[in-house]
Every structure is written in structure tokens, then in C-alpha cells.
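Throughout, a chain's letter reflects where its sequence line sits, starting with A, and its residues are numbered from 1. Any value given below was found using the heavy atoms of this structure, including those in side chains, with hydrogens, waters and symmetry copies removed.
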Protein chains: 4
Amino acid sequence: MPRSYRLVLSCPDNLGIVASITSTIAEQGGWITEAHQFADPEHGWFFMRYEVRADSLPFDADGLRELLAPVAKRYSMRWRVADTDQRQRVVILASRESHCLSDLLYRWRSGDLSFDIPCVVSNHPDLKAFVEWHGIEFIHVPVTADNREEAFRRLAEVFERRQADLIVLARYMQILPSFLCEQYQGRVINIHHSFLPSFAGAQPYRQAAERGVKLIGATCHYVTEDLDAGPIIEQDVVRVNHHNTVEDMVQLGRDVEKTVLARGLRYHLEDRVLIHGNKTVIFQ
Amino acid sequence: MPRSYRLVLSCPDNLGIVASITSTIAEQGGWITEAHQFADPEHGWFFMRYEVRADSLPFDADGLRELLAPVAKRYSMRWRVADTDQRQRVVILASRESHCLSDLLYRWRSGDLSFDIPCVVSNHPDLKAFVEWHGIEFIHVPVTADNREEAFRRLAEVFERRQADLIVLARYMQILPSFLCEQYQGRVINIHHSFLPSFAGAQPYRQAAERGVKLIGATCHYVTEDLDAGPIIEQDVVRVNHHNTVEDMVQLGRDVEKTVLARGLRYHLEDRVLIHGNKTVIFQ
Amino acid sequence: MPRSYRLVLSCPDNLGIVASITSTIAEQGGWITEAHQFADPEHGWFFMRYEVRADSLPFDADGLRELLAPVAKRYSMRWRVADTDQRQRVVILASRESHCLSDLLYRWRSGDLSFDIPCVVSNHPDLKAFVEWHGIEFIHVPVTADNREEAFRRLAEVFERRQADLIVLARYMQILPSFLCEQYQGRVINIHHSFLPSFAGAQPYRQAAERGVKLIGATCHYVTEDLDAGPIIEQDVVRVNHHNTVEDMVQLGRDVEKTVLARGLRYHLEDRVLIHGNKTVIFQ
Amino acid sequence: MPRSYRLVLSCPDNLGIVASITSTIAEQGGWITEAHQFADPEHGWFFMRYEVRADSLPFDADGLRELLAPVAKRYSMRWRVADTDQRQRVVILASRESHCLSDLLYRWRSGDLSFDIPCVVSNHPDLKAFVEWHGIEFIHVPVTADNREEAFRRLAEVFERRQADLIVLARYMQILPSFLCEQYQGRVINIHHSFLPSFAGAQPYRQAAERGVKLIGATCHYVTEDLDAGPIIEQDVVRVNHHNTVEDMVQLGRDVEKTVLARGLRYHLEDRVLIHGNKTVIFQ
């Protein structure tokens, strides 16, 4: 895939936004390879994602930012330009269950997803050997009732020191404290093992089994201070029936969890997700 | 499809149930064309559905009932024998929206589903002409804040007089009173326009749009006194995205609603559903 | 939904297309409510669909066409402007099976889909009463081995006289002659009861049962002279298992057939389909 | 999961089969925890899978075999009794692509699937380090146009020496010779990267892209001498659109390939698959 710049923006909907952006890019010979836009009629808000081939422009990403700054200002845009050559730094948090971590590491080492992993952090030592085999640092930060505050300060330091662009909770099973949710707003992705808003909180498969639902699901969402209530990125479901015990659901759920997390992560890494209040616009 | 008898039963799990039933049927030359059984390990309960060709037995459905009664007693079964030649009498309740009713009437007149419709009842007159074109009686029973009690007494009379085996709420939009829920326990099917338990109550599509879910769904369930909380028969979902307004969801939802209702109704009419507490066993 | 104009175009990919179009529309104050574009890198071809609010422009659809003509010429566009107030005239062809026709007529009478039906044509009289109840003319044109040529000439006359914009084969079960395929290129939609290219031709469910597939499907496509090989608009599948006979598959397939046909028809009616060689671009 | 014996059988359909089997088991106090049966009306053939708790019987698997032998003979059954304590020995064949192998090794090491892996064989050395990290032997057997016969004789020796119960082609990309297909009939599982019978043979994603299908899929099947035409165990699909290049399809397809292979393998390992001509009965 050739290098490209991704322009991602949102602003109050208005006449001429697309014309201004496209003219400005066209005047420089910019070749737009992918374009998505969406005007939300209810909130009068406009969203856009353009992918421009780097080699079609006479300058680099900063040049493109300079070029677009006046237009962005005119329309009060919230915007960014991402460079596909700048891989994001993703710190993965895991606990004991390895299906999501294992899937993410496969995607990392095979190049299926493009990102860097400065380290994996876990509150249990179980996955150390597997992580380290990949040449990735494994950091064990136990979390107990007594040391929560200290433990999460340590996590914050790790994120800081490793310059994390994104935190992925790969079935981490711990609730992040408010200060981390705030500091990394829109930059912490979680996979919840239910079709939210059904069965938020603990033991969603047990809840599902007790309610007798015919489909179980998984939800990839941004973490906010409200538990399991942040903006949803992706969801999917799988069929269950009366034969399936809670244990079966846990097993069946693993496959949908890892798939949904990988899809959500891909959208984020490819700058396809725009957060809009408590909802997301996904440009696939 | 040749005539057959359907034996449907549940009882405490025990040694020899299947052996007793199958020996008893085999001794009479009974030809079992379809067999399903399920032992719930958690509750120690056993469920079974057998379909036996009528022409393989030397007696009719009552004869089969007599034959099986001692076995049923021995194992404390809750059981019934249904005869495929006895079509169930289904009273359909509708309001203004016609997608579910229209689909059910298509299935009735094309023979896709086998049942009789003594009448369609609605709280609005809109669908009268369409129903009557099918040669089916249409009964208009308006429901207002003032006449609820009287209106539902009239409904009860209709059900009684038409000897309804089953009531189908085809987007009826009214909450049945407790006395009807009790009287027709396990015999009132509703289609709810959300993936329950998410978005119970009113305006589920609006709730879904506000929460920003990526899939919307529909749930076919038995009606109980607890609103939208009865045993679930069938569910399905359809994908939505940020482009979809509440109106789009209403439209997309209609297709999944009518499909899910038709599937749930089919399972019930074919005696494939066994209610077990607040859950269902579905023998497909 | 407020009246709008839909600009649909394709052309060789080139610098400045979007800028030219959007500037031209913006200068007139045109309010774009929905925008989709796609550049096919393999064939160097560009596709676009813009929806513009009618009341934001100082002229009507013809005015918009005049405005855009120079741009269209400059980029060698294949293009059209559709007016949402101009409902398309759709002639439906059916045979004996009514599930697709019944579903289309429900969508027509409920307003779920916006189109006019000048008439329904069938080679069998079975569905006459149902069609006529809707106030729609039913034309019976029997097709036999002997009268094929004459029958299809009569069909051509019907299409001509009723000024059909689109022909929908709602499980018509007859192969259209070449001259009709040519004359109505890109304007005849068929629903095939298999997941094409598997099981083209006759008795797809029998073929599926014999091959032992675990999913069956349906395909909505444009009709070309090559049987079941035209551009695909939409497909979907439903799960089957060893219990399912050919008859079960026919029944299960009906639900997916009617849903897939309705979705394909919606895309066409909303000008969301661009044909590109033997493939389609669908702007949802 | 407590130890159990799995009785799997098929035979000409006949009166009294179930009664004979269940009585024989019940007389010994055998506790049936899962029961599935299916009578194929078209071919007059009967299929059954019973799971019996080991600790409810006064003897071991061989005792159960002795007990059932007379019944099996009477009804001309093709049958076997599997012991859940006897893990199957599965030799995995891979090439360069690691998504399927990686997923299978995760399931093996996490206990998600119960089986032994005597070795992984590949025609390329790429995956050696990853396999060996698991403590599993990696055998590199290059296959070229010149050495095919010799290479596959070596494979046959490996299977023999390691007493392989099952061979899994995890995107092996080589066609097995007839003698291996015959020798391991019903014991070689392949994952094909298309929704068979569409796009058999080479480059299915390219074929799919050229045909313009709206869903791509994967098929897990038993290998026979006819390429990609053996009995299908499991299939699934994923939606694609005009944006998706062949490369995108390859990527999207990987997720469905690994899921479908894992499901097919699970059914086989749990003795849920009965081959019947060129079709399968799957007792889930």
C-alpha cells in the first residue's frame, strides 16, 4: 500500500465545506484515493475522511496541515492529518484469558494490522512467556483491592514512558480509574463480552444464559468513566440455543470477542472512527 | 406432509425415560420420523419431542394418549400429543402498522404456515379492507385511556367465543392486562422491536439510535405480566450504521420483525417450543 | 423526506472531479445531504452519487442538468440527475409463487418503497385476484413452447405502452429473449434462488441439497443474455442443516429471496446502483 | 467435563432401533447426557449420536462395545464408541500463511479444543520457530514439481509413524495425491477459501472479485480425490462491497477461514460428524 495522508475532520454542517477542501487539495495536484463524508441532519454536524496519496503532493504531512489550516479555521473544524508511515504505539492490557491477546499478536506479527506494541501489561504473569517470545516486553502489574491506586499510577507511568497512542483492553477485567479514562479519552478501546447495552457489568454470559437469549454478542467500545457505556465502535453476535451452558457461551463468545475487537482496532488504526458525543461515525 | 402425532413432554430427568417411551411406541409399530431430546444438567430436567407417523399406528391420537399415559405418570411428565390434522386457531391482534400482519396473511393464504384465523382484532380500522379481502373477519375494538378495562373484556370474549388456541400480537402496541396474560399463559406471542433485554418498553429504535448500537434486532417472546420479559422464542439482528436515522431503523427493523415473528410462530405451531421457567427449549 | 435531486455519475478517474462538481453546486447554494464517491484503482474509474436538496437550488432538475453539463462533458462522464418526485414505473412479472410479489405489493401499498406499478404480468392466472384487489391491472400472458416469440412480443408491447422504467422478475421462471435483455439493459432485475455463481440454472435448491452445502442463498441481479450471470446487486444466505429437505430449503429460501429482492429493488429505485462492466457499485 | 463415551452410528432405518439401543443402555444404568438422532427419509437411513457418562456404567468403553455389538449386528450398523479420555492425534499441514495454524495452536494450548499434535508439517520453513516455541515438532518437507511423489511418500511415513488419527490442511496449498486421500478417507480436513461449490480451485478470492459477489466465504470439508468436492462440514460468509480489492478479500477471508476451520475441527473431534455419501450429518 503506497504511503498516504488521512484527513479526518468534523465541524458544524455548512455550505461549501467539501468544495473548499477538494479545491484546495486539487490545486496542489493531490490525488484522493478514498473519500467518505456524512452530514448528520439531526445535529447539523459534518464528518469527513479523505485519503490522499503522499506522492501526489509537493510537500509532506506538515505541508498538508499548513495548507488546510485556513479552511479548517474558517469552518471551525476539529481535525487531524495522519501519516500512514507513522505507526501508532499500542499498549495492550491483558489478564489471564489469552484469546484476544493471542489474536492481536498474530495480526501484529503477520502484518495483518499495522501498529507497534511497546509492551503488554497484565495483572497476572500467565502470558509472560508467550508475549516475550514475540520480542515484546511483558510488564506484570498486579492489581489487588489494596494496591489499586498505586497499580494504576504505575500503569499511567508505563503509558507515559512508552508514549502510548492507544490502550487496548484485551479482556483486562479491571475497571480503569477516572483519571486514566479522562487522560486517554477516545484512546482506550475495550472489548465487552456482551451485546451492549444488554448485560453490562460482570458475568455477561451468565446473565445471558439466565435471560434465555437466542444470540450472544460482543461489543468493542471506547472506555469512558461510565462502565460499559462509552461510544460503540463495533458489535457482532453468534447464535446460541438451549443446549448451550454458560461455559459453552464463554467458548462461543471468545471467537466473536476477538473478531469484534480486531475489527474495532482496525477502524481506529486506519483513522476510520470519529467520536460524536456518545456515538461513533465509522467510515469503512 | 403425511399426518403425524407429535409427542411433547418434559419431566425430571431420570434413567430409562427414552427407553420406556421408544419401547412403548415400537411395540405398536410406531414409526418415529423426527426425534429430539434434551437433558438440562443444571436443573435436572428432561425435554422431548417425537413425531410419529399416524398411519404407522393401529389407533388415533387418543389411542396414543392412552398408550402413553402410564409411562407419563410414572415419570411425572408434563406432556401432550398434538395431531397435525388439528390446525390451531390463531387470533391475530394488530394496530396500524401492517408489515407483520401482511406477512402472516401471506403465509396463511399460501399455506407456508398451517393454521386457522378465526378473526383479526385491531384497535384501529385501517387494516379492515385488507383483512376482509382474505375472507377473514375483522373486529375493531378501540382502546383508549378510558375504556381499557371494557375493551380487554371484549377481547377476552372474542378469544373465548372463537376458541382461540393462540393469540399473536402482530405489532399490537397495547399492553395486555394481567388477567389475559394469566389466562393465556404460554399462548400469547409478541414481537418486540428490539434485541431484548436491550431497549424494552417504548420506542426501542429511538433508544437504539441514541445508544449508537451497530446492530438492531427483534425478539419474539411469550407474553407475561412483566413487560417484554417473557420467555424468548427467537431473535435476530440487522446491521445499521451512522447513516441510519431512527426512521431508517424503523424501516430496516420491519424486515427482521416479520421474519422473527414468522419463525417464532412456526416453532409454536409445530409444537417445537417447550417453556421452562423463563426460558424456552426449541427443537428445530 | 424532502424532495431532492440525485446526481449519479461515473467517468475515468482524474484530478479535480470532486472539486469541480462540489464548487459548481456550492456556488448555487446547493445543499448536499448525502455524498458517496469511489475511485476504482484497478480500472482507473471514478463513481459518484450526490443527493442535493431541491429547495436549496434556484432551479429545477433540468436547471441542475444544464448547470452540470459542461463539467460532465469535460470529464467524459456517464451521468444522470434523478428527481425524487418522479416515481419510477415498475412492471412486475410473476408466475405462480407469490412470496416475492406479495412482499413487493405490501411495500408498495405501505409506502415502504416509492414506485408506481402500471401492471403486473404473469404467465399464470393464479395471482389475478390478489393483484386486482390492490387496484393494479393484472395481465395474463401465457407462455408455452409454441408461443414464446409471440408472448414476449406482447410483453415488449406492454412495457412500451406502460412506459416501464424497470422490469422486476419476481420469481417469473421464464428466460427473457435476447432482444428484451438488450432493449432493457440495466433495467431488468431478477431474483435467483441461489447464492450465485453456485447453482445457476434450474432447481438450485435441489442442486444445493445434493451438494450438501450448509448455507443457501439468494441473489438479486440485473438480467443479461447470459443466464444468471449478470451484475449482482445483492446477496444473502440462510443456514440449513441435514434435517432440511429440498422442500424445507424452498421454504427457508423464500424468506431470503423476498428480502434480497426488496433490498436490490430499493438500491435501484434510490439510484444507488452503478453498473460497471459485470459488477456493481452500490452506494448505501 | 466428566468422562463420557460417545456412541455414533448409522444404519438402514428400521423399527425399534432407538428402543433397542436405549433399553440396552438403560438396563446397565447408563446415563445419557446428550442424544441426537436423524432419519433421512429420502435414503431410508438412520443416524444417531449418544453421549453416555462413563461413571454411570459398570464397565469401560470396551465393555460398552461388547454390550452393543449384538444390537449393532442386528440392524447392520456402521458404528463406533469413542472415549473422551482418548485424545485424537492430529497432524497439521501448513504452508506459509499462518492465520489458521496460529488459531489452531492457540486453541490447543488454551485447551479450547482437546487434541494432541504429534507434529506440524510444512513445505516451507517460515513457521518453524513459532511451532517449536509450543514444544511441538516441526517437520519441513519441501514439495516441488520434481519431488512430489517422494515428498508425499515422506508425509505418509510421518502420518504412519506418528499414528495420526486426523490430518488438518491449515491452508496447506498442495493437492494431496490419491493414495493419501484413499488411505485417510474421512480423516483429512481441509479449509477452502471460498463458499463452495463457487470458486473451486485456485485463487478463489480473485474469482470472487471478478464475479462481483457481495459475500465471500470459506468451506471446511473432508478431502476426497475430487478437488474441493468432498463432504462439507461447515461454511460461513462475510460481506464485501465494491471498495474491497482482492487483497481486502484475502484479509477479510482469513477471519472466516480460521473460524470455519476451527468449528469444523471441533465437530470432528467431538464425534459430531457422520459422513453420508457426499454429505454430512452434523449433530450439534
Side-chain angles (χ1 to χ4, degrees), chain C residues 36-43 45 47 194-200 207-222 228-247 260 263-264 267 272-284, chain D residues 36-43 45 47 194-200 207-222 228-247 260 263-264 267 272-284:
Chain C
H36 291 277
Q37 53 219 56
F38 167 60
D40 177 349
E42 200 183 351
H43 303 92
W45 217 258
F47 303 84
S194 87
F195 186 73
L196 289 172
S198 287
F199 315 133
Q207 293 181 59
E210 276 163 13
R211 182 60 189 90
V213 291
K214 299 301 184 186
L215 298 165
I216 55 170
T219 304
C220 179
H221 64 98
Y222 289 108
D228 298 332
I232 293 171
I233 308 171
E234 173 65 347
Q235 302 186 290
D236 215 337
V237 291
V238 66
R239 198 159 276 275
V240 291
N241 62 40
H242 57 269
H243 272 289
N244 298 125
T245 61
V246 176
E247 290 68 37
V260 166
R263 289 206 294 249
Y267 300 154
R272 297 184 180 281
V273 189
L274 289 91
I275 298 177
H276 182 42
N278 202 42
K279 296 161 68 171
T280 58
V281 169
I282 314 279
F283 284 132
Q284 298 177 245
Chain D
H36 292 278
Q37 54 219 54
F38 167 60
D40 176 349
E42 200 182 351
H43 303 93
W45 216 258
F47 303 84
S194 88
F195 186 75
L196 289 174
S198 288
F199 315 134
Q207 293 181 57
E210 276 162 13
R211 182 60 189 92
V213 290
K214 299 302 182 186
L215 298 166
I216 55 171
T219 303
C220 179
H221 65 97
Y222 288 108
D228 298 332
I232 293 171
I233 308 171
E234 173 65 349
Q235 301 187 290
D236 215 337
V237 292
V238 65
R239 197 160 277 275
V240 293
N241 62 39
H242 57 269
H243 274 286
N244 298 124
T245 61
V246 176
E247 290 69 36
V260 167
R263 288 206 294 248
Y267 300 155
R272 297 184 179 281
V273 189
L274 288 92
I275 300 178
H276 183 42
N278 202 39
K279 298 160 69 171
T280 59
V281 169
I282 314 278
F283 285 131
Q284 301 179 245

Examine distances only and state if a side-chain atom of [X] and a backbone atom of [Y] form a donor-acceptor pair shorter than 3.5 Å.
X	Y	value
D:Q235	C:V213	no
D:R272	D:F283	yes
C:D40	D:H242	no
D:H243	C:F38	no

May I ask you to name which of [options] has the most heavy-atom pairs under 4.5 Å with chain C?
options	result
D:E234, D:H221, D:E42, D:E210	D:E234
D:G212, D:S198, D:G277	D:S198
D:Q284, D:H276, D:R211, D:K279	D:R211

- At a heavy-atom separation under 4.5 Å, does D:F199 approach chain C through its side chain, its backbone, both, or neither?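 The side chain, not the backbone.
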- Item | Part of C:N241 within contact of chain D (heavy atom distance under 4.5 Å) | neither
- Query: When only pairs under 4.5 Å are counted, which of C:A208, C:G217, C:A229 shares the most heavy-atom pairs with chain D?
  - Reply: C:A229
- Message: For chain D, which candidate among C:V237, C:T280, C:I282, C:I233 shows the most heavy-atom pairs at distances under 4.5 Å?
- Response: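 Highest number of pairs under 4.5 Å: C:I282.
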- Intermediate values then yes/no, side-chain contact (heavy atoms from CB on, under 4.5 Å), C:I275 and C:Y222: CA-CA 9 Å; C:I275 298 177; C:Y222 289 108; 3.6 Å; yes
- Inspect the contact between C:K214 and D:D236 and indicate whether a charged nitrogen and a carboxylate oxygen are less than 4.0 angstrom apart.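 Looking at D:D236 and C:K214, the cut-off is not met.
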